[in-house]
Amino acid sequence: MSSIVQGLTNTFKTQMLSGTMDFTTDVFKIALYTNDATLDETTSTYSATNEVVGTGYTAGGVTLTGGIVTQDNSANVVYITFDSPITWTGTFSTRGALIYNSSSSNYSVCVLDFGAVKTIASETLTVTLPNNTATAALIRFN
């Protein structure tokens with residue numbers, strides 16, 4: 001059985017420490033995956049394997065906007081934010097998502113686990129990212 005485990009990927013950590021990801025110029029995307037996908041911290045790049053197929057969904061996902069790096073000295077945290085929510089309208093089922101850098105070899109950033117299969121039928125799926133704060137942002141270093 002496959003599994004989806006939420007968290008930052010090892011590839012993302014390596015890319016950040018080597019200085020090869022740039023949140024001010026690179027294009028980041030979010031792709032949806034079915035319950036058959038295996039995604040976790042070892043996922044290195046975006047792949048179409050077990051990606052959602054359905055009306056209203058395009059392979060590769062959608063581009064994230066608002067990628068901003070914020071340094072909060074009072075909390076000793078640096079965090080990255082994207083605009084939220086992200087929506088798709090159509091008919092499909094999804095179990096999780098992968099955020100990846102389409103500007104840099106489709107390297108993975110993080111895996112999102114929706115906790116259960118989400119099925120929409122001519123409806124809108126909304127993915128709401130955590131608040132853009134030092135204590136809640138999806139991607140943060142403290």
Could you give the side-chain donor-acceptor pairs of residues 57-67 under 3.5 Å, partners two or more places apart or in another chain?
from: Y57; atom 1: OH; to: L32; atom 2: N; distance (Å): 2.9
from: Y57; atom 1: OH; to: E51; atom 2: OE2; distance (Å): 2.6
from: Y57; atom 1: OH; to: G61; atom 2: N; distance (Å): 3.4
from: T65; atom 1: OG1; to: D83; atom 2: OD2; distance (Å): 2.9

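- The distance from the OH atom of Y79 to the CG atom of D72 is 5.5 Å, given to the nearest 0.5 Å.
- Taking CG of L112 as the start and CD1 of I99 as the end, the distance is 5.0 Å to the nearest 0.5 Å.
- Using cut-offs of 30° and 60° on the angle between ring planes, the pair F23 and F12 is perpendicular.
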Could you go step by step and tell me if T89 and T124 meet the side chain to side chain donor-acceptor pair (under 3.5 Å) rule?
CA-CA 4 Å; T89 301; T124 299; 2.8 Å; yes
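- Residues T14 and Y107 are not in side-chain contact: their nearest non-hydrogen atoms beyond the backbone lie 4.5 Å or more apart.
- Remark: side-chain polar atoms of S108 are paired, donor with acceptor, to backbone N or O of S44 under 3.5 angstrom.
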Evaluate the side-chain contact (heavy atoms from CB on, under 4.5 Å) criterion for residues D40 and V111: first the C-alpha distance (whole Å), next the side-chain angles of each, then the deciding distance (0.1 Å), finally the verdict.
CA-CA 6 Å; D40 60 23; V111 174; 5.7 Å; no
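- In this structure, N35 CG and I4 CD1 are separated by 6.5 Å, a value rounded to the nearest 0.5 Å.
- Hydrophobic clustering (side-chain heavy atoms under 4.5 Å, transitive across Ile, Leu, Val, Met, Phe, Trp, Tyr) groups L8 together with V127.
- The closest side-chain heavy-atom distance from T43 to T11 is not below 4.5 Å.
- Grouping the Ile, Leu, Val, Met, Phe, Trp and Tyr side chains by contacts below 4.5 angstrom, directly or via other members, places F28 apart from Y33.
- Every residue was checked against the side chain to side chain donor-acceptor pair (under 3.5 Å) condition with T55, not counting sequence neighbours, and none meets it.
- For the residue pair V117 and S93, the shortest heavy atom distance occurs at CG1-CB, 4.0 Å.
- Taken together through direct or relayed side-chain contacts under 4.5 Å among Ile, Leu, Val, Met, Phe, Trp and Tyr, L138 and V69 form part of one hydrophobic cluster.
- Side chain of T34 to backbone of D36: a donor-acceptor contact under 3.5 angstrom is found.
- Taking every heavy atom of both residues into account, F82 and L129 meet most closely at CB-CD1, 3.9 Å.
- Under the 4.5 Å side-chain contact rule for hydrophobic residues, M21 and L98 do not share a cluster.
- In plain terms, the two heavy atoms of P130 and A136 that are nearest each other are CB-O, 2.9 Å.
- In this structure, the separation between CG on N142 and CG on N76 is 9.0 Å, given to the nearest 0.5 Å.
- Rounded to the nearest 0.5 Å, atoms OH (Y100) and NZ (K29) are 4.5 Å apart.
- Of the possible donor and acceptor atoms, none in the side chain of E41 sits under 3.5 Å from a partner among the backbone N and O of N10.
- Taking all atoms of both residues into account, the shortest heavy-atom contact from Q6 to D113 is OE1-N, 2.9 Å.
- Here the closest heavy-atom approach between residue D26 and residue T20 is recorded as OD2-O, 4.0 Å.
- A distance of 10.0 Å separates CG in L39 from OG1 in T49, rounded to the nearest 0.5 Å.
- Side chain of T94 to backbone of K118: no donor-acceptor contact under 3.5 angstrom is found.
- Considering every non-hydrogen atom in both S104 and Q15, the closest pair reads OG-OE1, 4.2 Å.
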